[in-house]
Chemist: 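I have a structure I would like to understand better, so I am pasting it below and will then ask my questions one at a time.
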Protein chains: 2
Amino acid sequence: MESTPGVRTALLLLGGFEAMVGDVVEELARRGHPGVTANLEFALLAIKEGADSASALARALGVSRQAAAKSVATLADLGYVDRVDDAADARRKALRVTPRGDEMTAIGAARFDELRARWAAALEPGAADAVDAALARLPEVLRPPSPRSVGPAGLEPTTSAV
Amino acid sequence: MESTPGVRTALLLLGGFEAMVGDVVEELARRGHPGVTANLEFALLAIKEGADSASALARALGVSRQAAAKSVATLADLGYVDRVDDAADARRKALRVTPRGDEMTAIGAARFDELRARWAAALEPGAADAVDAALARLPEVLRPPSPRSVGPAGLEPTTSAV
DNA sequence: AGGTGTTGACAACCTGGTTGGCTATCGCCG
DNA sequence: CGGCGATAGCCAACCAGGTTGTCAACACCT
């Protein structure tokens with residue numbers, strides 16, 4: 001009824017993502033971290049994984065430096081990161097995740113894992129891993145011509161070619 | 001490396017969706033429908049499936065009436081829908097999909113299907129269907145308390161209980 | 001030195017969404 | 001028949017997240 005198989009799959013992907021993210025955001029709000037959006041959590045994760053400046057974050061997230069700077073400003077406002085002057089490079093403001101930031105990502109990641117575990121438990125054994133594997137191949141399949149490696153919402157290593 | 005299994009799965013969902021949608025939007029632009037976003041296509045699909053007014057579209061999409069009205073305005077600007085006065089109800093502006101609108105959704109849906117087919121062909125037989133089935137269970141698993149049936153991005157049938 | 005490229009910041013702007021307030025109309029119940 | 005609540009559409013203000021363009025400061029390489 002609702003359209004066609006392809007559309008349905010796309011909507012399922014979106015729905016799954018939104019369901020997970022929505023739950024995690026709610027959980028974070030419940031656990032003392034209101035005002036955190038999915039973007040902010042992913043940004044903070046990227047920072048923890050090595051994006052140690054606004055520009056680096058921009059590359060990791062695949063957005064403009066300004067957009068990344070906005071996220072950093074919000075994260076700083078919420079007390080999740082500190083911007084400290086870099087002694088070695090006066091241009092840089094090095095990003096340092098605060099203890100509260102660590103707590104936030106820990107709660108968020110744990111909730112993501114819990115959701116995935118609950119979901120996996122409702123499926124055949126191994127089915128969740130199979131889904132992950134199948135999804136990982138989607139971008140590759142859709143893009144026969146140029147094999148770009150850029151992540152969709154980023155969070156990829158700082159491999160940024162540009 | 002990149003965080004944890006739960007986060008990775010969420011990112012895969014987002015990535016898969018964005019990959020499909022990005023490709024479809026490109027294809028639409030190539031085939032004479034520039035300026036069409038995923039939102040607009042989904043909105044038009046919802047209209048075709050019974051959301052015959054801005055308010056109904058809002059319900060189907062799960063957004064505010066104003067947001068739906070904006071989408072309708074854009075769709076009308078692009079020539080995909082007509083707003084006609086409803087003879088039976090002077091308040092309403094009934095939505096009618098134009099032939100061009102039909103063409104657009106046809107191209108979009110066909111592309112979605114093609115992408116899904118290509119993806120399915122790269123997997124084990126039946127794997128794509130299994131993924132769909134698994135994803136369909138995600139929202140249900142994450143929401144043990146109230147079994148709401150509302151779709152994430154909507155596009156559900158006009159079953160609107162209203 | 002000096003040129004090139006990077007960093008971070010400011011400003012203007014776009015998109016898609018929200019809330020609040022308003023009017024016209026319909027439907028239903030007395 | 002009258003009145004009132006619910007509904008449809010619309011306007012304006014606002015917000016979040018993203019973009020481009022510009023700029024000054026700084027680092028690095030020759």
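We use all heavy atoms of the structure for the numbers below, so side chains are in, but hydrogens, waters and symmetry mates are not. Sequence lines set the chain letters: A, B, ... in the order given, protein chains first and strands last, and positions in each chain run from 1.
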Chemist: If you look at every strand shown and take non-hydrogen atoms under 4.0 Å, does Ala69(B) touch a base, only sugar-phosphate, or nothing?
Modeler: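 Nothing, no nucleic acid heavy atom in range.
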
Chemist: When you check the gap from the basic side-chain N to the acidic O, do Asp85(A) and Arg92(A) get nearer than 4.0 Å?
Modeler: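 No, Asp85(A) and Arg92(A) are not salt-bridged.
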
Chemist: Report the residue (Ser55(B) or Lys70(A)) whose heavy-atom-nearest nucleotide on DNA chain D is the more 5′ of the two.
Modeler: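 With Ser55(B) and Lys70(A) compared, the 5'-side residue is Ser55(B).
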
Chemist: Are there more than 12 heavy atoms of other residues, nucleotides or ligands under 6.0 Å from atom CZ of Arg30(B)?
Modeler: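 Yes, CZ of Arg30(B) has more than 12 neighbouring heavy atoms, counting only those of other groups under 6.0 Å.
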
Chemist: What's the closest nucleotide to the side chain of Ala90(B) if the choices are dG17(C), dC26(C), dC10(D)?
Modeler: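 So the side chain of Ala90(B) is nearest to dC26(C).
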
Chemist: It should be established whether Thr37(A) places a side-chain nitrogen or oxygen under 4.0 Å from OP1 or OP2 of nucleotide dG17(D).
Modeler: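 Yes, such a contact exists.
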
Chemist: If the cut-off is 4.0 Å, is Ser64(B) near the phosphate of dT18(C), judged by side-chain N/O to OP1 or OP2?
Modeler: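 Checking dT18(C) against Ser64(B), a side-chain N or O does come within under 4.0 Å of OP1 or OP2.
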
Chemist: Using a 4.0 Å heavy-atom cut-off, does Thr74(A) contact any base of the nucleic acid, only the sugar-phosphate backbone, or nothing at all?
Modeler: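 Result for Thr74(A) = nothing.
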
Chemist: To the nearest angstrom, how far is Glu18(A) atom CD from dG16(C) atom P?
Modeler: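 It is 15 Å, rounded to the nearest whole Å.
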
Chemist: Using atom CG of Leu61(B) as one end and atom C1' of dT18(C) as the other, report the distance to the nearest whole Å.
Modeler: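 Atom-to-atom, Leu61(B) to dT18(C), this comes out as 15 Å.
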
Chemist: So how far off straight is the helix from dA1(C)-dT30(D) to dG30(C)-dC1(D), going by the axes through five pairs at either end, to 10°?
Modeler: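 What I find for the helix from dA1(C)-dT30(D) to dG30(C)-dC1(D) is an axis angle of 10°.
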
Chemist: Looking just at side-chain N and O atoms, do Asp113(A) and Thr4(B) make a donor-acceptor pair shorter than 3.5 Å?
Modeler: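 Result is yes, a qualifying pair exists.
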
Chemist: Ignoring backbone atoms, establish whether Arg59(B) has a side-chain N or O less than 4.0 Å from OP1 or OP2 of dA8(D).
Modeler: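 Yes, within the criterion.
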
Chemist: Please tell me which of Leu40(A) and Lys93(B) maps to the more 5' nucleotide of DNA chain D, matching each residue to the nucleotide holding its nearest heavy atom.
Modeler: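 That would be Lys93(B).
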
Chemist: Measure the distance from CG on Leu95(A) to C1' on dA9(C) and round it to the nearest whole Å.
Modeler: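 Value for this atom pair: 14 Å.
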
Chemist: Tell me yes or no: between the side chains of Glu27(B) and His33(B), is some donor less than 3.5 Å from an acceptor?
Modeler: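 No pair is found: no donor N or O on one side chain lies under 3.5 Å from an acceptor on the other.
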
Chemist: Please give, in whole Å, the distance from dA27(D) P to Asp86(A) CG?
Modeler: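 It works out to 9 Å between those atoms.
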
Chemist: Roughly, in whole Å, what's the span from CD in Gln66(B) to C1' in dG21(C)?
Modeler: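 Result: 10 Å.
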
Chemist: Examine the side chains of Thr105(A) and Lys48(A) and answer whether a donor and an acceptor come within less than 3.5 Å of each other.
Modeler: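 Yes.
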
Chemist: How many Å lie between CZ on Arg65(B) and P on dT23(C), as a whole number?
Modeler: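 Taking atom P of dT23(C) as the reference, CZ of Arg65(B) is at 15 Å.
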
Chemist: Once you round it to whole Å, what is the distance between P of dT4(C) and CZ of Arg91(A)?
Modeler: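 Rounded to whole Å, this separation is 16 Å.
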
Chemist: Would you mind reporting whether Phe112(B) and Glu41(B) have side-chain heavy atoms less than 4.5 Å apart?
Modeler: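 Yes; the side chains approach each other to less than 4.5 Å.
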
Chemist: Measure the distance from CG on Asp89(B) to P on dC28(C) and round it to the nearest whole Å.
Modeler: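 So the two atoms are 12 Å apart, to the nearest Å.
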
Chemist: Mind checking whether Leu44(B) and Val81(B) have side chains closer than 4.5 Å, heavy atoms only?
Modeler: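 Sidechains of Val81(B) and Leu44(B): in contact.
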
